[in-house]
Amino acid sequence: MEEKVLNKSKNGMAMLLLSLFLYLLAIAAMVAGSITGLSENGPQSPAGIALFVIGLVYALFGWILFMGLTVLRPQEAVVLTLFGKYIGTLKEEGFYWVNPFCSALNPAAETKLKQSGDVDGGSSSHNLFTLSTGGQTIQTGGTKKISLKIMTLNNSRQKINDCLGNPIEIGIAVMWRVTDTAKAVFNVDNYKEYLSLQCDSALRNIVRIYPYDVAENVDTTGDGQADEGSLRGSSEVVAQRIREEIQNKVDQAGLEIIEARITYLAYAPEIAAAMLQRQQASAVIDARKMIVDGAVGMVEMALSRLSEKEIVELDEERKAAMVSNLLVVLCSNRDAQPVVNSGSLY
């Protein structure tokens, strides 16, 4: 299905004035026909009766012309069908008059997802929906128009196993818009639900390739070599791959995925405590390793400076004792308590 953009003139105001003028003529025709065509003794003029009938018929059915009036705001579109046949799409803002028997089609008008831009397309009453940003509630009325604005879909958090089998919870926000209204309306049953399902599927396909944190012997790029890719450390790369995966799925629905972002990432509650201890232990080991490396360097520097300045001559036993004392002082978690030795080492 290819989109046909209608380049209609913005003749809505002219048709509105014309319809009102024709209604005034119909009322005038009814009045004139009743005066000239009827008398106290019955009908006198067939022309007057015909004029009265014409005015009456238009007064009864002339309102149909008003059904063809439609207003489009910026970044809105309306898909028009005539007796089941797609005739085109209006995309430019303005006041239009179209065939009153045309019907606007938007199968996703009543769909309410956790996203911005949701509207109620079938109910005459106002409904509440929640925007994905800030949890703000907005009241809106029904419409069959399709929004061409950039919208944000904030899918609910999912529990997915990473490549190591660890359960994690992850959520994404997807910025998208409709680019082809014909594909969005006719190629899929409901383009909003279709997008939501494809986001869930793409998220699972990509997340299962990565570990939560950097792990050894894990290939996340598919080149056969281990790398340091992870959900926590390579969030930009993961988000880009999720966006590309979703885009490949929704091309046939006439949608464009502008950006995908990870909004929530954490271990599942059942293993969060154990993984936190593991991270803390790893951090402690790394810190201790850094402290020991620094302490060894400082001891080496102290011995070298003492030897160069010839401040004191130390034999091997005294050097060992000095190294031991310096390492204890430098690597200890507590402040050193000085001890004055008044005797001899021997």
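What's counted below: heavy atoms across the whole structure, side chains too, no hydrogens, waters or symmetry copies.
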Would you tabulate the side-chain donor-acceptor contacts of residues 179-188 under 3.5 Å, counting partners in other chains and residues two or more places apart, or write 'none'?
{"unit_1": "T179", "atom_1": "OG1", "unit_2": "G254", "atom_2": "O", "d": "3.0"}
{"unit_1": "D180", "atom_1": "OD1", "unit_2": "A182", "atom_2": "N", "d": "3.1"}
{"unit_1": "D180", "atom_1": "OD1", "unit_2": "K183", "atom_2": "N", "d": "3.1"}
{"unit_1": "T181", "atom_1": "OG1", "unit_2": "E3", "atom_2": "OE2", "d": "2.5"}
{"unit_1": "T181", "atom_1": "OG1", "unit_2": "T89", "atom_2": "OG1", "d": "3.1"}
{"unit_1": "N187", "atom_1": "ND2", "unit_2": "Q252", "atom_2": "O", "d": "3.0"}

Considering only distance and modelled atom types, tabulate donor-acceptor pairs under 3.5 Å from the side chains of residues 14-32, sequence neighbours left out.
{"unit_1": "S19", "atom_1": "OG", "unit_2": "M15", "atom_2": "O", "d": "2.8"}
{"unit_1": "Y23", "atom_1": "OH", "unit_2": "A59", "atom_2": "O", "d": "3.2"}
{"unit_1": "Y23", "atom_1": "OH", "unit_2": "W63", "atom_2": "N", "d": "3.1"}

Cut-off 3.5 Å, no hydrogens considered: what does the side-chain donor-acceptor table look like for residues 76-84, sequence neighbours left out?
{"unit_1": "E76", "atom_1": "OE1", "unit_2": "R73", "atom_2": "N", "d": "3.2"}
{"unit_1": "E76", "atom_1": "OE2", "unit_2": "R73", "atom_2": "NE", "d": "3.3"}
{"unit_1": "E76", "atom_1": "OE2", "unit_2": "R73", "atom_2": "NH2", "d": "2.9"}
{"unit_1": "T81", "atom_1": "OG1", "unit_2": "S103", "atom_2": "O", "d": "3.2"}
{"unit_1": "T81", "atom_1": "OG1", "unit_2": "S103", "atom_2": "OG", "d": "2.9"}

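Under the 4.5 Å side-chain contact rule for hydrophobic residues, V98 and F101 share a cluster. In the hydrophobic cluster analysis, where Ile, Leu, Val, Met, Phe, Trp and Tyr join through side-chain heavy atoms closer than 4.5 angstrom, V53 is grouped apart from L51. A single hydrophobic cluster is seen to contain both F66 and M13, as judged by linkage of ILVMFWY side chains at heavy-atom distances under 4.5 Å, directly or through other members. Following chains of ILVMFWY side-chain contacts shorter than 4.5 Å, one cannot reach L56 starting from I54, and the two form parts of different hydrophobic clusters.
Counting only heavy atoms from C-beta outward, the side chains of C102 and I87 approach each other to under 4.5 Å. The shortest distance between side-chain heavy atoms of K149 and R177 does not fall below 4.5 Å. Using a 4.5 Å heavy-atom threshold, the side chains of N161 and N166 count as separate.
Listed by chain and number, the residues in a salt bridge (Lys or Arg N to Asp or Glu O under 4.0 Å) with E2 amount to none (sequence neighbours excluded). Scanning for side-chain hydrogen bond (donor to acceptor under 3.5 Å, both in side chains) contacts around N190 gives T111, with sequence neighbours left out. Residues forming a salt bridge (Lys or Arg N to Asp or Glu O under 4.0 Å) with E92 (at least two apart in sequence, or on another chain): K10. Partners of R261 according to the side-chain contact (heavy atoms from CB on, under 4.5 Å) rule, which considers only residues two or more places apart in sequence or in another chain, are M175, E236, E259. With sequence neighbours excluded, no residue satisfies salt bridge (Lys or Arg N to Asp or Glu O under 4.0 Å) with K8. For R232, the salt bridge (Lys or Arg N to Asp or Glu O under 4.0 Å) test picks out D213, with sequence neighbours left out.
Shortest non-hydrogen contact noted between L153 and C199 is CD2-SG, 3.8 Å. Nearest approach of I246 to V174, heavy atoms of both residues: CD1-CG2, 4.0 Å. Smallest separation of non-hydrogen atoms from D200 and Q158: OD1-NE2, 3.1 Å. Minimum interatomic distance between I258 and R243 (heavy atoms only, all atoms of both residues): O-CD, 3.6 Å. Here the closest non-hydrogen pair linking C163 and P211 is SG-N, 3.3 Å. Minimum interatomic distance between G94 and Y96 (heavy atoms only, all atoms of both residues): O-CD1, 3.7 Å.
For the pair E300 (side chain) and A295 (backbone), a donor-acceptor distance under 3.5 Å is absent. Looking at K192, its side chain never comes within 3.5 Å of a backbone N or O of E110 through a donor-acceptor pair. With S230 contributing its side chain and G233 its backbone, the two residues share a donor-acceptor pair below 3.5 Å. Formation of a donor-acceptor pair under 3.5 Å by the D227 side chain with backbone atoms of T220 is found in this model.
A distance of 9.0 Å separates CG in N11 from CZ in F95, rounded to the nearest 0.5 Å. Of the inter-residue distances, the one linking D286 atom CG with I291 atom CD1 reads 11.0 Å to the nearest 0.5 angstrom. For the atom pair Q198 CD and E193 CD, the distance stands at 12.5 Å (nearest 0.5 Å). Interatomic distance, K144 NZ to N106 CG, rounded to the nearest 0.5 Å: 6.5 Å. Put simply, CD1 on I146 and NZ on K91 are 9.5 Å apart, with the number rounded to the nearest 0.5 Å. Rounding to the nearest 0.5 Å places OG1 of T70 at 12.5 Å from CH2 of W97.
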- Item | Stepwise side-chain contact (heavy atoms from CB on, under 4.5 Å) test for N154 and Y264 | CA-CA 11 Å; N154 189 8; Y264 182 84; over 6 Å; no
- For E244 and N248, what are the C-alpha separation, side-chain angles and deciding distance, and is it a side-chain hydrogen bond (donor to acceptor under 3.5 Å, both in side chains)? CA-CA 6 Å; E244 294 173 355; N248 293 334; over 6 Å; no
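Among residues at least two apart or in separate chains, ring-ring contact (aromatic ring centres under 6.0 Å, His included) pairs with a member in residues 187-212 are Y212-Y267.
Other residues, nucleotides and ligands contribute only 12 or fewer heavy atoms inside 6.0 Å of the CG atom of D189.
Cluster partners of L197, using a side-chain heavy-atom cutoff of under 4.5 Å among ILVMFWY residues and allowing indirect links: none. The other residues sharing a hydrophobic cluster with V218 are L164, where clustering joins ILVMFWY side chains under 4.5 Å apart.
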